[in-house]
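Worksheet: one structure, shown below.
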Protein chains: 2
Amino acid sequence: MKKVTINDIAKKLGVTPSTISRALADNQRVSQATRDKVKRMAQEMGYQPNLMASSLRKGKSDLIGMIVPRINRHFFSNIISGVEEILNPAGYSLLIMQSHEELEAEVKAVHSLMRNRVGGIIISLSVETNSFEHLQGVVDANVPLVQFDRVCKNLKGPKIVNDNITGAYLATRHLIQSGYKNIAHFSGNKMINVYGERIIGYKKAIAEAFGEVDESLIMEDIITRDSGLETIQQVLKEKEIDAVFCAGDYSAFGVFEGLKDLKAEFPGKFGLVGFGNEPFAEMLHPSLSSIEQDGREVGRIAAQEMIDAINGVLHNIERVVPVEFKERESSKKININF
Amino acid sequence: MKKVTINDIAKKLGVTPSTISRALADNQRVSQATRDKVKRMAQEMGYQPNLMASSLRKGKSDLIGMIVPRINRHFFSNIISGVEEILNPAGYSLLIMQSHEELEAEVKAVHSLMRNRVGGIIISLSVETNSFEHLQGVVDANVPLVQFDRVCKNLKGPKIVNDNITGAYLATRHLIQSGYKNIAHFSGNKMINVYGERIIGYKKAIAEAFGEVDESLIMEDIITRDSGLETIQQVLKEKEIDAVFCAGDYSAFGVFEGLKDLKAEFPGKFGLVGFGNEPFAEMLHPSLSSIEQDGREVGRIAAQEMIDAINGVLHNIERVVPVEFKERESSKKININF
DNA sequence: TTGTAAGCGTTATCAC
DNA sequence: GTGATAACGCTTACAA
């Protein structure tokens, strides 16, 4: 079965393709009568416009590229849903690629999207990303680039981020208020904005309460479950700590497992807070306190910024989305009756 | 900065666009020397082929559409990764859409993909999908359709499914072997292949052990956490059951919560098994026994079938991917010392 | 209000 | 081994 084109409709109706094109686009310059006639016929013949041809001619595409480190992170899949929520009704479709946290894959993804002539790219950088030529190329090609979560401040364009500083501050302050005194922070690579900012929030709360910050309690590059588990086992042998604020829920779960293995009195003598509020956080026993990042909202804003940028209004700003502290059992008040 | 085209390269090199096109495609009929020269120049000028133009001309696209009910289900995001693993290296990109379990959204997604002239569609049906014209249209348009997980057997083309019958059989048999006697099954809509098959596996195990099946112990349309919770609360008031096999991990988690609320002796006096092995299953306490479906493998096979179909070899078969029972605490042996 | 014709960037089919 | 030309399906000045 061959695809129906506007030429087929034109022949059937005894008019020219241009009239069909205009009629389908609801162009005022074609009479209401023909517009109706054309639309009815198009429907009847099962016409589906060829968006490739249309995009080629118009020089703009309704495909938006999206690159995330991993699609199976709750936070990222929520963002995708938020983006779709705005972009699909506006007539855009999403070309989604994963970088799997690797720079090389990210570069390939960018090139692939550019070859497909996407109308714009929405991206959260991989943890490995320390060079930015591939993204500078996007900007130089005048393709709107919207960044979110893990962003590079040196690239022009909208950046949507969570309020990491406040989130980390709230998490740490809560541990302090619960009576914990020696609070370690398991972070990621501090050169990455999200982790750097969480460290700032952590330090702020600690300094506020205790005056000075013990830098040796801040440990970097701990974002996986395995590294969380290994690190807590190691640290408990060497240091006197009674709580950990993790920059992610997966590493927090590693700590959680370590504490259970060691039969630590947890919670009660040991406090734990994560970041990200993955679905499993509330399912654990004890349930894991965490910072909820509103991924849908981040996605919606990113999508709106993309639409604005496509329409010629590129905001070179950073939009900060609030976060919320979810208080659960893992960080409850220290047990003083011993 | 304007986009570089083959015409630009052609002018620069003093040859015609056709030569450039051929050279870049490694056509034997152009000399090795010019091929090298052209490629070097293309590289230097930062040429990125316009795939829209290419697809339009060739009448085939390197975009593959993919429709899943929800992107944030572990199973589905794994499948997406598996599909990417095969499709990206082969030069295809994925246009991903979510149906959010709604027929209307699914129909829209199909049309959107068709308008974008994707080279094929890989889909898992929404729970609501009970009419299939939108998919028949895909088949009629000669666009390869590969189905996975929730499939419609009446549509031609490859179908990749998990071995639901065996999975359900293993889960139920395990509960029986652990000493549970009155095992209910919380299922989905039995008209959907995956749920229908799980019911068959459940019945097979029950019949094998006890001779007859009490149909009133099979409850349909329980696939969410909330419905799992509500149903177990209700059922425990009315019936004498000591175990549940759930057709999904989310409903199993609802049951899990219900049992905890009721302070049931669980596990020990009550057994529970889920399906899907979501990441949280092993994180629960007690950990949830479940059936592991190898999503990556399902995705890889679906992608391979798609590539075959694009190359003209459309297999009208159902490929069954094995599952694995993950034995954990929630289904451990019944507590007989009371 | 509608028609004409050119062109978006490729590639396939002829030629030479 | 390379060039000329038409065509994929659509949109848009410019005419009429």
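Convention: sequence-line order gives letters A, B, ...; per-chain numbering from 1.
Here salt bridge (charged side-chain N to carboxylate O under 4.0 Å, His left out) pairs that include residues 70-88 of chain B, with residues two or more places apart or in two chains, are B:Glu85-B:Arg296, B:Glu85-B:Arg300. The list of salt bridge (charged side-chain N to carboxylate O under 4.0 Å, His left out) pairs with a residue in residues 106-131 of chain A, not counting sequence neighbours, reads A:Glu104-A:Lys108. Counting only residues at least two apart or in different chains, salt bridge (charged side-chain N to carboxylate O under 4.0 Å, His left out) contacts with residues 16-35 of chain A comprise A:Asp26-A:Arg35, A:Asp26-A:Lys39.
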Mind listing the side-chain donor-acceptor pairs of residues 42-60 of chain B below 3.5 Å, one per line with the distance, residues two or more places apart or on another chain?
unit_1, atom_1, unit_2, atom_2, d
B:Asn50, OD1, B:Met52, N, 2.9
B:Asn50, OD1, B:Ala53, N, 3.1
B:Ser55, OG, B:Leu51, O, 2.7

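When all heavy atoms are compared, the tightest approach of A:Ser61 to A:Tyr92 is O-CE2, 4.2 Å. Across all non-hydrogen atoms, the minimal contact from B:Val151 to B:Asn193 is N-OD1, 3.1 Å. Listed here is the closest heavy atom pair of A:Ser124 and A:Phe76: OG-CE2, 3.7 Å. When every heavy atom of B:Ile192 is checked against every heavy atom of B:Val127, the shortest pair comes out as CD1-O, 3.5 Å. Here the closest heavy-atom approach between residue A:Ser21 and residue A:Ile6 is recorded as CB-CD1, 4.4 Å.
Residues satisfying the side chain to side chain donor-acceptor pair (under 3.5 Å) criterion with A:His100, sequence neighbours excluded, are absent altogether. By the salt bridge (Lys or Arg N to Asp or Glu O under 4.0 Å) test, A:Lys153 pairs with A:Glu197, A:Glu318, sequence neighbours left out. Take B:Lys11 and apply the salt bridge (Lys or Arg N to Asp or Glu O under 4.0 Å) test, not counting sequence neighbours, and it matches no residue. Not counting sequence neighbours, A:Asn154 has no partner by the side chain to side chain donor-acceptor pair (under 3.5 Å) test.
Within residues 36-52 of chain B, the residues that have a heavy atom under 4.0 Å from DNA chain C are, in order of number, B:Tyr47, B:Pro49, B:Asn50.
When the C1' atom of D:dC8 is taken as reference, atom CG of A:Asn7 falls 11 Å away, rounded to whole Å. Per the geometry, CG belonging to B:Leu13 stands 18 Å off P belonging to D:dG1, to the nearest Å. In this structure, A:Lys60 places its NZ atom 15 Å from C1' of D:dT12, rounding to the nearest Å.
Bounding nucleotides for the chain B contact on DNA chain C, 5' to 3', at a heavy-atom distance below 4.0 Å, are C:dG9 to C:dA15.
Mapping B:Arg117 and B:Gln28 onto DNA chain D via the closest heavy atom, the residue that lands nearer the 5' end is B:Gln28. Both B:Lys58 and A:Ser21 lie near DNA chain D, and the one whose nearest nucleotide falls closer to the 5' end is B:Lys58.
Residue contacts shown for B:Ser54 are limited to sugar-phosphate atoms, with no base heavy atom under 4.0 Å away.
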**OP:** Between protein and nucleotides 2-7 of chain D, map the contacts as a letter string: B base, S sugar-phosphate only, - none, heavy atoms under 4.0 Å, written 5' to 3'.
**Re:** BBB-BB
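The terminal axes of the helix from C:dT1-D:dA16 to C:dC16-D:dG1, fitted over 5 pairs per end, subtend an angle of 40° to the nearest 10°.
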